[in-house]
Amino acid sequence: MEYQPRPIEQKWQKHWEENDTYKVSNDSNRPKYYVLDMFPYPSGAGLHVGHPLGYIASDIYSRYKRLKGFNVLHPMGFDAFGLPAEQYAIDTGIRPAVSTDKNIVRYKEQMSNLGFSFDWSREVKTCDPNYYKWTQWIFTQLFAHYYDQAADKALPIEDLVATFEQEGNANVKAATTQTEAFSAAAWNAMSEKEQRDVLMNYRLAYREIGYVNWCEELGTVLANDQVKDGISERGGHPVVQKAMPQWNLRITAYADRLLYDLETIEWSNALKTMQSNWIGRSTGAQMFFNVEGNDDQIEIYTTRPDTIFGATYMVLAPEHELVAKLTTAEQQKDIDDYLAYSQARSEIDRMSDKQVTGAFTGAYAINPFTGKKVPIWIAEYVLISYGTGAIMAVPSDDERDQRFAEKFGLEIIPVVDKSDYPGATLDDKVGEIINSDFLNGMEVKEAIVEMNKRVEEMGIGKAKVNYKLRDAGFSRQRYWGEPFPIVYDKNGFAEALPLDQLPLELPETEDFKPGKGGKSPLSRLDAWVTLENGYTRETDTMPAVAGSSWYYLRYMDPNNPAAFASQESVNYWQDVDLYVGGAEHAVAHLMYARFWHKFLYDKGLVPTNEPFKKLINQGMIQGVIEFAYYQKSTGQFISEELIADYEGEDIAQMPVHIDFVTDYGSDKSYLSEEGIEQFKNWRPEYKNAEFVTTEDSDRFYTKSEVGKMSKSKFNVINPDLVIEEHGADVFRMYEMFLGPIEASKPWDTQGITGVSKFMRRFWNLFFTNEQFTISEEAANKAELKVLHATIKKVTEDIERFSFNTCVSAFMEVSNDLRKMKCNKRSVLEPLTILLAPFAPYVTEELWQLLGKEGSVHHASYPTHDESYLKEDEIEYPISINGKKRATAMFPSDASKEDIEKAALEIEGIQKWLEGKTVRKIIVVPKRMVNVVIG
RNA sequence: GCCUCGGUGGCGGAAUUGGUAGACGCGCUGGAUUCAAAAUCCAGUUCUCGCAAGAGAGUGGGGGUUCGAUUCCCCCCCGAGGUACCA
């Protein structure tokens, strides 16, 4: 019987669904194991071949763990709130809820074709009110707590109020933006507004003025990636930074725990380093510089207080509050021009640009140690969001300060002598201090300690730990997100809604355009916004990271109406044992989820300190656009069949780089000369094609293809089509075979034939003359050796997530058995189980043909026996001076001396020894021999 | 710019602890089968020179450590991801 994948796959897919084969119970005496995929955003483009890579890997691992006897939780859901659905709604009038649901249906269909063992009864959607009820609830809890640094955990805000009433804030150690101290009397004398404002400075969810990308022409707030070079991507209008009140989460309160707990989890060092750098803990000094001629002080933060004698000027971020005040009349124009320039630039623009820019305010500060006047500049290399938004510049000992000083002709005083440290860079905290009065002769490290002491004694500052990590901006002026569970009373005081008023459902509307002044579309829904007694609702919504910060907990108990998950379920599943997802989430999502988890841990609601024990980043599959067409209006390559519900963001992510030019005047894009070259390199079959655009349509074609349009359109590789042709088992194995799970690699449809061939050959091992034939004869030594070598190899490789080499091993064993003409049950049956995690359908069919009861996926995993793998003889490479000159077989138990002696007598070695002296012979048993001659 | 990762045949990749570089597959070349093609099967395939035996070179570039380096160290080049409102 010929191997025909589709009928087999359809048969078993139906069977599994009808029999709840993958349903998971929270009640089991087997050990638990939780395998989680990062849930997808359901885009209109559907699943492409890049998506399933991680899902296949996690499915293989889940199935492997099940065969090994674990109770495996392996769920899937949808990160369903987000900007693309809203943009699509603005463009088409189709409600986000409708388009999102449609996309989800499509995703689920595609995923079930792939044979994943998800327990779909546990599906979660972040846009489902039954789900976001708890997202909102967690937010209200963050609002109702502060971070107590003495207890090192979150505590209720009422506790804090009680303390304030008793003793003020002098003894409170908390993560706060409150700078002023107050006594109990002062607290009790405060107005309600003052008290509320103070508490806002302590809450873990708090409201504060923040900056957004504002585009006046579009009347809307833009995401960073919708802005390029200070211009909106759509329409090419100018974008500026606008101050607006925003909700924030005080993630910085958890900075130290987020940093130190990295040591307790099994993530790659690369990822931990990235997280740790993102947190960016540094110890330094906070210091105040007096401004000449008035009472203002400039607060700076420096990790190098020891270099203060070299501080010859100061730099403020352009947004710094003192800029307007300090600027002198003569310098006003320079500063205004510079502010206009810098306002239009994003942080990335500012940091990635090598140009040195800045402007002089005309004002001077006093260096507290030299007593000298130092000019105050503004420059975009100082960021308002890091430290205090102001620096003392030491051009002799900081590269950026140095370039700045050189360009603007500012004084440079060397203060660190690094001549004892050849090769040390400016960044290295080493050297001997010079030109620095009482610090002269000290080593940098000593000098830092001494300076911190002096600064504190003089009362001009203190030692301080600083973090690059910033609080999370949590407000979006958008429709398609969770409404904040916040109302404002007639005084404008924020109050959180109690649980019995949750979920606060997102109201329906047909109008998704931004509201006045960049407010959320919700602000227009007066009936929804306005409540009794002068209360009004918050009209901003939460960002997509909200829903994804805790979804892994909901899978444990997805339908619970009374809690985000029952305590029993959380205590049973504990945490995620293996988390698989893209490296693009390596920092932000993982940081927020860890933060929320720690908060819930502080509240005693989860039993673990960290949510994700082990984490694997899958790479991207590149070049996934097989056939696409180019749409001039959007400048994107997209697929014909998906044009109806095209949203674009997935395509934009695809790492195929075809340069095209956008003409902002006409708002049209077209391929550049260079782009056509790149395109031809990428698709050599178009090498001789003539490229034209047609005026009547919005599309770009190659001229040679105009005749046969249906084939000329380019198409996103849709897994459905590949599965239709080769079967899901082959598709799964091919994706794994492409390369290491963590690497990015290109998709090449041609290569799938190799895996297809393997699958047919494997299948044919069970058939003789088209008849299923299995031999009950005992296996011979050679057969047992390949079987057990394969069990060993595949098992070890699964454990280290090296699935591509597993596929190679399966190919090898099937080639070997084919040559041996082996169709013995004792060999093929364990191999069928071994292959089951990779090719779940075909192995299920073969299992049935083998006459076995039940599912192969509930079988027991085979173990290898080392005794079958023993070699009598080992082939040794014999090298002369490290260069291989011969090989020889030696008994596996041969002694070093015997090998040494025998190696020198080999003919191919002898000729190299003529006229030379053997200086040394290195024999590594079971490995190699190296003869050193001279 | 900064942080992280990566660079191995024509292509995807393998080499798990410093020990035979190129497993496995695609592609390509030759052969069998076929009226022919597809499919299938067999053999070969890092590059250079050579009929061959063999020799030389070789893991982005340069340098170093070592008996021995794709693997460890230093410098440089190139690519990818992230850079806080894409998800």
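Since the structure is predicted, the reported quantities are computational estimates derived from the model, not experimental observations. Values below: every heavy atom of this structure, side chains too, minus hydrogens, waters and symmetry copies. Below, read A as the first sequence line, B as the second, and so on, with proteins coming before strands; counting in each chain starts at 1.
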Practice problem: Quick one: sort the A:Phe758 and A:Phe762 rings into parallel, tilted or perpendicular, breaks at 30° and 60°. | Solution: tilted
Quiz item: Between A:Tyr55 and A:Pro40, what is the shortest heavy-atom contact and its length?
Solution: OH-CB, 3.2 Å
Quiz prompt | Residues in contact with RNA chain B, drawn from residues 587-595 of chain A - heavy-atom cutoff 4.0 Å | solution = none
Quiz item: For B:rG25, does OP1 or OP2 lie under 4.0 Å from any side-chain N or O of A:Asn815?
Solution: yes
Quiz prompt | Protein-to-nucleotide contact annotation, 5' to 3' order, nucleotides 46-52 of chain B [B base; S sugar-phosphate only; - none; under 4.0 Å, heavy atom] | solution = -------
Quiz item: Choosing from B:rC86, B:rC24, B:rU16, which nucleotide comes nearest the side chain of A:Glu812?
Solution: B:rC24
Quiz item: In terms of the angle between their ring planes, are A:His585 and A:His589 parallel, tilted or perpendicular, with boundaries placed at 30° and 60°?
Solution: perpendicular
Quiz prompt | Steps toward side chain to side chain contact (heavy atoms under 4.5 Å, CB included) verdict (A:Tyr3, A:Asn764) | solution = CA-CA 8 Å; A:Tyr3 170 56; A:Asn764 287 335; 5.6 Å; no
Practice problem: From the options B:rA87, B:rU20, B:rA14, select the nucleotide whose nearest atom is closest to the side chain of A:Pro740. | Solution: B:rA14
Quiz item: Considering only heavy atoms from C-beta outward, does the side chain of A:Phe731 approach that of A:Val755 to under 4.5 Å?
Solution: no
Quiz item: Just to confirm, is there a sub-4.0 Å distance from OP1 or OP2 of B:rC42 to any side-chain nitrogen or oxygen of A:Arg818?
Solution: yes
Quiz prompt | Options B:rA84, B:rA87, B:rC5, nucleotide nearest the side-chain atoms of A:Ala270 | solution = B:rC5
Quiz prompt | Consecutive-pair stems (at least three Watson-Crick or G-U pairs, under 3.5 Å) that include RNA chain B | solution = B:1-7 with B:77-83, B:10-12 with B:24-26, B:27-32 with B:40-45, B:46-49 with B:54-57, B:60-64 with B:72-76
Practice problem: For the pair A:Glu380 and A:Thr357, evaluate side chain to side chain contact (heavy atoms under 4.5 Å, CB included) and give the outcome as yes or no after the intermediate values. | Solution: CA-CA 7 Å; A:Glu380 59 181 8; A:Thr357 61; 3.5 Å; yes
Quiz prompt | Nearest to side-chain heavy atoms of A:Arg761, which nucleotide of B:rC42, B:rA14, B:rG19 | solution = B:rC42
Quiz item: So, is B:rG9 syn or anti if syn means the angle is within 90° of 0?
Solution: syn
Practice problem: Would you tell me if any nitrogen or oxygen in the side chain of A:Lys792 comes within less than 4.0 Å of OP1 or OP2 on B:rU16? | Solution: no
Self-check item: Phosphate-side-chain proximity, A:Arg400 and B:rC2, N/O vs OP1/OP2 below 4.0 Å
Solution: no
Quiz item: Aromatic ring centroids of A:Tyr254 and A:Phe595 under 6.0 Å?
Solution: yes
Quiz item: For the residue pair A:Phe474 and A:Trp596, does the interplanar ring angle fall in the parallel (under 30°), tilted (30 to 60°) or perpendicular (over 60°) class?
Solution: tilted
Exercise. Give the nucleotide from the list B:rA84, B:rA55, B:rA87 with an atom nearest to the side chain of A:Lys911.
Key: B:rA55
Practice problem: Find the distance A:Trp278:CH2 to B:rG82:C1' and express it as a whole number of Å. | Solution: 7 Å
Exercise. Have a look at A:Ile922 and say if it touches a base, only the backbone sugar-phosphate, or nothing, with a 4.0 Å heavy-atom cut-off.
Key: base
Quiz item: Going by modelled atom types, is there a donor-acceptor pair between the base of B:rC3 and the side chain of A:Gln275 at under 3.5 Å?
Solution: no
Quiz item: Taking all atoms of both residues into account, what is the closest heavy-atom pair of A:Ser232 and A:Leu222, and its distance?
Solution: CB-CD1, 3.6 Å
Quiz prompt | Test item: A:Arg478 side-chain N/O and A:Asp540 main-chain N/O as donor-acceptor pair under 3.5 Å | solution = no
Exercise. Would you mind classifying the nucleic acid contact of A:Leu469 as base, sugar-phosphate or nothing, using non-hydrogen atoms under 4.0 angstrom?
Key: base
Self-check item: Polar contact flag, side-chain donor to acceptor under 3.5 angstrom, A:Trp480-A:Thr541
Solution: no
Quiz item: Which one, B:rG56, B:rG81, B:rU4, comes nearest to the side chain of A:Glu584?
Solution: B:rG81
Practice problem: Please figure out whether A:Lys884 or A:Ala743 has its closest RNA chain B nucleotide nearer the 5' end. | Solution: A:Ala743
Exercise. Remember a base hit wins even if backbone is also touched, and classify A:Lys926 as base, sugar-phosphate or nothing at under 4.0 Å, heavy atoms.
Key: nothing
Self-check item: Shortest non-hydrogen contact between A:Leu53 and A:Gly619, atoms and distance
Solution: CD2-O, 3.4 Å
Quiz item: What is the nucleic acid contact for A:Trp912, judged by heavy atoms within less than 4.0 Å: base, sugar-phosphate only, or nothing?
Solution: sugar-phosphate
Quiz item: What does A:Ser802 touch in the nucleic acid at a heavy-atom separation under 4.0 angstrom: a base, only the sugar-phosphate, or nothing?
Solution: nothing
Practice problem: Tell me whether the OP1 or OP2 atom of B:rC86 has a side-chain N or O from A:Arg476 closer than 4.0 Å. | Solution: no
Quiz prompt | Options B:rC85, B:rG68, B:rC26, nucleotide nearest the side-chain atoms of A:Asn930 | solution = B:rG68
Quiz item: Quick one: on RNA chain B, does A:Val221 or A:Asn804 contact a more 5' nucleotide (nearest heavy atom)?
Solution: A:Asn804
Practice problem: Looking at every strand, decide which applies to A:Val807 at a 4.0 Å heavy-atom threshold: base, sugar-phosphate, or nothing. | Solution: nothing
Quiz item: Could you give the CD1-to-C1' distance, from A:Ile798 to B:rU16, as a whole number of Å?
Solution: 16 Å
Exercise. Between B:rG81, B:rC86, B:rG56, spot the one nearest the side chain of A:Ala223, thanks.
Key: B:rC86
Practice problem: To the nearest Å, give me how far apart CD (A:Glu742) and P (B:rG12) are. | Solution: 19 Å
Practice problem: Can you see which heavy atom on A:Lys242 is nearest to which on A:Gly517, and at what distance? | Solution: NZ-O, 3.5 Å
Practice problem: Report yes if a side-chain nitrogen or oxygen of A:Lys793 is closer than 4.0 Å to either non-bridging phosphate oxygen (OP1 or OP2) of B:rU16; otherwise report no. | Solution: no
Quiz item: How is A:Glu875 classified with respect to the nucleic acid when contacts are heavy atoms under 4.0 Å: base, sugar-phosphate, or nothing?
Solution: base
Quiz item: Considering only side-chain heavy atoms of A:Pro84, which listed nucleotide, B:rC86, B:rG12, B:rG56, is closest?
Solution: B:rC86
Quiz item: How are the rings of A:Phe81 and A:Tyr132 set relative to one another: parallel (under 30°), tilted (30 to 60°) or perpendicular (over 60°)?
Solution: tilted
Exercise. Check every atom of B:rC85, B:rG25, B:rU20 against the side chain of A:Met811 and return the nucleotide holding the closest atom.
Key: B:rG25
Quiz item: Contact class for A:Gln355 (heavy atom, under 4.0 Å): base, sugar-phosphate, or nothing?
Solution: nothing
Quiz item: A:Arg800 near the nucleic acid: base, sugar-phosphate alone, or nothing, with a heavy-atom cut-off under 4.0 Å?
Solution: base
Exercise. List the steps and the verdict of side-chain hydrogen bond (donor to acceptor under 3.5 Å, both in side chains) for A:Ser802 and A:Thr805.
Key: CA-CA 6 Å; A:Ser802 176; A:Thr805 52; 2.6 Å; yes
